Amino acid sequence: MFETIKPAPPDAILGLTEAFQKDPNPRKINLGVGVYKDGRGQTPVLVSVKEAEKRLLSSEATKSYLPIDGLAAYATACQELAFGGDHPIVREARAATVQTPGGTGALRVAADFVRRISPQAKVWLSDPTWPNHPNVFGSAALNVASYPYFDAAGNRVAFDSMMAALEVIPAGDVLLVHGCCHNPTGADLSSEQWQAVAALCAGRGILPLLDFAYQGFGNGLEEDAIGVRIVADHCDEFLVAGSFSKNFGLYNERVGALTLVAAGADAAAAAQSHLKICVRTNYSNPPAHGGQIVAAILGDPELRQTWEVELAEMRDRINAMRHLFVETLDEQGVARDFSFIAQQRGMFSFSGLTPAQVQALRERHSIYAVGSGRINVAGMTESNMEYLCAAIADVLN
């Protein structure tokens, strides 16, 4: 049965990491994988996380299963972080949250849920988007389409083209929008643009699905939630797929959540019963440790304050690298205008490098980036910046 199977193509990003690890060049740089790196090029364990783990281990009394939808305290923490503690959605129990294995797990549960309740619905993705988005929804047997999002010539959101496309999306379809720190472009909607998108979704009966994986990595916890909260002001029904991989550094703990918002508490409870079926027939119930860490930190004022300081340090380092990158390219005599990199947010940006230039960076200088030209700004450090920018200057000449 297995003898006729042909090898599947490697994952574009994870395969890049494998090649990077095998490269013997001591000056190699990985700008491909979506993982935060500190100034030493390491992915740290946060102090707040270590302290929370100590407390959890000292008080742990069981390894029994969690409920299908996960920890109640975790669900509450997720909702309050996304919407704010006193938001009507939270007060009126209009939200139902299921704890998931990472943000990808949240997206897959959302896909299975949509397939279950509305199998003819089409999911609309930004062009470009995270490469795994079409795979996740396609694997759930949903139809996928795209809408214009990025103006490569102007290095900004192609908002007029985007809105023109959204205006013809049929009622009942699903619109996936990146909540903040758009992956892969780093170009986000303004608050005014969010207002227009949310109003259009409400008016046309489109279901918004917000991929909210980077809260706090853009401009701040509250600032990055503006899109979610504007959608909440306009739409009675929507979905939010969240992740704590980045802002808590909990990559290998796989900590995510899918939150469904309905017009009323009864509708939310009914919808949650179907979310539970999607979970039960997929992974049955979520892992405990990562969710316990997040709930412990967000539920303790001292730990939360420590975490918010650490999150601000990560965000500030990323933004500092953006500015240093632009300045160092200028110092290296690069004529092309890269100033847009400093204006974008989150870990990722479209560099504008062609596939041939990306390949040249890898072959000549052991600098690894995705073929589309997407770069992870968090992979830059003060110590590798001059080498990186000199290499880019070389392949551009």
Side-chain angles (χ1 to χ4, degrees), residues 82-83 89 94-95 103-104 106-151 157-185 187-215 224-243 257-263 271 275:
F83 304 122
I89 286 175
R94 290 175 47 210
T104 307
L107 291 167
R108 180 55 193 255
V109 173
D112 288 343
F113 174 75
V114 170
R115 174 68 179 173
R116 181 179 179 84
I117 64 166
S118 185
Q120 301 306 313
K122 184 178 290 185
V123 180
W124 295 79
L125 307 173
S126 67
D127 181 17
T129 193
W130 181 46
N132 207 24
H133 274 149
N135 301 329
V136 170
F137 293 101
S139 293
L142 289 169
N143 293 319
V144 176
S146 64
Y147 60 90
Y149 184 81
F150 189 64
D151 174 9
V157 176
F159 191 66
D160 290 343
S161 298
M162 174 182 173
M163 289 300 291
L166 301 192
E167 286 172 358
V168 297
I169 293 179
D173 277 4
V174 178
L175 177 68
L176 189 147
V177 188
H178 298 231
C180 66
C181 304
H182 185 273
N183 178 7
T185 70
D188 287 344
L189 299 175
S190 67
S191 59
E192 292 79 10
Q193 290 170 337
W194 272 112
Q195 293 281 355
V197 170
L200 184 147
C201 287
R204 293 192 56 80
I206 299 169
L207 180 69
L209 167 54
L210 306 179
D211 189 345
F212 198 36
Y214 299 95
Q215 186 178 5
D224 292 349
I226 187 170
V228 172
R229 296 176 188 180
I230 288 173
V231 170
D233 289 340
H234 286 80
C235 301
D236 289 335
E237 299 178 349
F238 61 96
L239 299 167
V240 181
S243 168
L258 177 66
T259 296
L260 176 150
V261 176
L275 290 176

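Computed from a predicted structure; not experimentally measured. Just so it is clear, the values below take in all heavy atoms, side chains as well, and ignore hydrogens, waters and symmetry mates.
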Heavy-atom pair with the smallest gap, counting every atom of [X] and [Y]:
X	Y	answer
Pro148	Met162	O-CB, 3.2 Å
Pro128	Phe150	CD-CB, 3.7 Å
Asn183	His178	O-CE1, 3.0 Å
Ile117	Pro119	C-CD, 3.8 Å
Ala82	Val228	O-CG1, 4.2 Å
Leu107	Ala241	CD2-CB, 3.8 Å

Please name the residue in the list Leu207, Leu260, Val261 that meets the side-chain contact (heavy atoms from CB on, under 4.5 Å) test with Glu237.
Leu207
Please confirm whether His182 and Tyr149 have ring centers closer than 6.0 angstrom.
yes
Do side-chain atoms of Ser139 reach the backbone of Asn135 as a donor and acceptor pair under 3.5 angstrom?
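Yes.
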Should the ring pair Trp130 and His133 be called parallel, tilted or perpendicular, given that the plane angle runs from 0 to 90° and is split at 30 and 60?
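The rings of Trp130 and His133 stand perpendicular, inter-plane angle above 60°.
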For the pair Asp112 and Arg108, find out whether any cationic side-chain nitrogen is under 4.0 Å from an anionic carboxylate oxygen.
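Yes, this pair counts.
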Distance check, rounded to the nearest 0.5 Å: [X] atom [atom1] versus [Y] atom [atom2]?
X	Y	atom1	atom2	value
Leu175	Leu239	CG	CG	11.5 Å
Trp124	Thr129	CH2	OG1	14.0 Å
Leu258	Ser243	CG	OG	12.5 Å
Leu142	Asp173	CG	CG	10.0 Å
Cys235	Ile206	SG	CD1	9.0 Å
Leu210	Trp194	CG	CH2	5.0 Å

Do [X] and [Y] have side chains that get closer than 4.5 Å, going by heavy atoms?
X	Y	answer
Leu209	Phe137	yes
Leu166	Tyr147	yes
Phe238	Ile89	yes

Please lay out, stage by stage, how Val177 and Leu189 fare under the test side-chain contact (heavy atoms from CB on, under 4.5 Å).
CA-CA 10 Å; Val177 188; Leu189 299 175; 4.1 Å; yes
Under the side-chain contact (heavy atoms from CB on, under 4.5 Å) criterion, do Gln193 and Met163 qualify, and how do the steps go?
CA-CA 9 Å; Gln193 290 170 337; Met163 289 300 291; over 6 Å; no
